[in-house]
Student: 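The structure under discussion is supplied below as structure tokens; questions concerning it will follow.
Not measured: the values here are computed from a predicted model. Note that these values count all heavy atoms, side chains included, but never hydrogens, waters or copies made by symmetry.
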Amino acid sequence: MTIIRCAWPQKPLDIEYHDQEWGVPVHDDRLWFEFLILEGAQAGLSWSTILAKRGAYRKAFANFDPVKVSRFNAAKIEKLLENPGIVRNRLKVVSAVENAKKFRDVQEGFGSFDQFIWQFVDGKPKVNAWKKHAKLPAQTKESDKMSKELARRGFKFVGSTICYAFMQATGMVNDHLVDCFRYRELT
């Protein structure tokens, strides 16, 4: 039996990620924080690059514990910038630490980041029906709204395109192609 999946996953890590995680609705704040940091790190790079570095990111960023990351000081940031396992871009590393602080602020204000973030799709995944990968948008009105609100709250690396990729990854939107086996599983 041939498995039909979206066309973008080509490498083993991409395929595993597509088949098990991409588009699965997230409701765990630690996982939300992980995706927030990884999507920001991915800006200008391929997702395959980030997936290959994911284990190093988990180790470097305290398993994406926003409380611990929010306490990283200048010395810790300098040490992270020496870590070849992550993207050593100062703006991205500093923003990850600052975003941890903003993430905690949202948790305190809404009870959880999950409560806050799902409002951008009215609390349930938006299901699309794409037949070709080329038709998928890079951003939407929902990602525009999310981007503006996150930026207003002081988050960095949260442009609309990053936010839309974040929405796809975390199941806020089902952008699996209609003939992909995961489309039916997640609808």
Student: Donor-acceptor check, side chain of Ser143 to backbone of Thr161, threshold 3.5 angstrom: yes or no?
Tutor: no
Student: Assess whether a salt bridge exists between Arg152 and Glu149, defined as any Lys/Arg side-chain N lying under 4.0 Å from an Asp/Glu carboxylate O.
Tutor: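 The answer is yes: the pair qualifies as a salt bridge.
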Student: Between Trp47 and Trp22, is the ring centroid distance below 6.0 Å?
Tutor: no
Student: Only one of Gln168, Lys126, Lys135 clears side-chain hydrogen bond (donor to acceptor under 3.5 Å, both in side chains) with Asp175; which?
Tutor: Gln168
Student: If we only count heavy atoms from C-beta on, is the Phe157 to Leu91 side-chain gap below 4.5 Å?
Tutor: yes
Student: Check whether any side-chain heavy atom of Asp29 sits under 4.5 Å from a side-chain heavy atom of Phe103, and report yes or no.
Tutor: yes
Student: Keeping Asn63 on the side-chain end and Asp65 on the backbone end, is there a donor-acceptor pair under 3.5 Å?
Tutor: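 Here the side-chain-to-backbone pair does not exist.
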Student: Please lay out, stage by stage, how Glu98 and Lys101 fare under the test salt bridge (charged side-chain N to carboxylate O under 4.0 Å, His left out).
Tutor: CA-CA 5 Å; Glu98 291 304 310; Lys101 295 171 186 172; 3.1 Å; yes
Student: Out of curiosity, Ser160 OG to Met167 CE, how far, rounded to the nearest 0.5 Å?
Tutor: 8.5 Å
Student: Please work out whether the ring planes of His27 and Trp118 are parallel, tilted or perpendicular, with thresholds of 30° and 60°.
Tutor: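 It falls in the parallel class, under 30°.
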Student: Okay, side chain of Gln119, backbone of Phe116: is any donor-acceptor separation there less than 3.5 Å?
Tutor: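 At least one qualifying donor-acceptor pair exists.
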Student: Donor-acceptor pair, distance only, cut-off 3.5 Å: does the side chain of Tyr183 make one with the backbone of Asn128?
Tutor: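 Yes, because the side chain of Tyr183 sits within donor-acceptor range (under 3.5 Å) of the backbone of Asn128.
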Student: Testing Gln10, Arg182, His176 for side-chain hydrogen bond (donor to acceptor under 3.5 Å, both in side chains) with His18, which one passes?
Tutor: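 The side-chain hydrogen bond (donor to acceptor under 3.5 Å, both in side chains) with His18 is passed solely by His176 among Gln10, Arg182, His176.
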Student: To the nearest 0.5 Å, how far apart are CG in Asn99 and CZ in Phe155?
Tutor: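 Here the interatomic distance stands at 6.0 Å.
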Student: Side-chain atoms of residues 50-58: list all donor-acceptor pairs with protein atoms under 3.5 Å, sequence neighbours left out, distances to 0.1 Å.
Tutor:
| unit_1 | atom_1 | unit_2 | atom_2 | d |
| --- | --- | --- | --- | --- |
| Lys53 | NZ | Pro84 | O | 3.2 |
| Arg54 | NE | Glu34 | OE2 | 2.8 |
| Arg54 | NH1 | Glu21 | OE1 | 3.3 |
| Arg54 | NH1 | Glu21 | OE2 | 2.7 |
| Arg54 | NH2 | Glu21 | OE1 | 2.9 |
| Arg54 | NH2 | Glu34 | OE2 | 3.2 |
| Tyr57 | OH | Val87 | N | 3.1 |
| Arg58 | NE | Glu34 | OE2 | 3.1 |
| Arg58 | NH2 | Glu34 | OE2 | 3.0 |

Student: Does the plane of the ring in Phe64 sit parallel, tilted or perpendicular to the ring in Phe61? Use 30° and 60° as the thresholds.
Tutor: parallel
Student: Mind checking the CD-SG spacing from Glu142 to Cys163? Nearest 0.5 Å is all I need.
Tutor: 12.0 Å
Student: Any side chain to side chain donor-acceptor pair (under 3.5 Å) pairs touching residues 83-96, not counting sequence neighbours?
Tutor: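 Passing the test, one end in residues 83-96: Glu78-Arg90.
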Student: With no hydrogens and no angle check, do the side chains of Asp114 and Trp32 hold a donor and an acceptor under 3.5 Å apart?
Tutor: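 Result is yes, a qualifying pair exists.
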Student: Side chains of Val173 and Val121: does their closest heavy-atom pair fall under 4.5 Å?
Tutor: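 Heavy-atom side-chain distance check fails, nothing below 4.5 Å.
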Student: With the side chain counted from C-beta on, respond yes when Trp130 and Leu177 share a heavy-atom pair under 4.5 Å apart, and no when they do not.
Tutor: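 Sidechains of Leu177 and Trp130: in contact.
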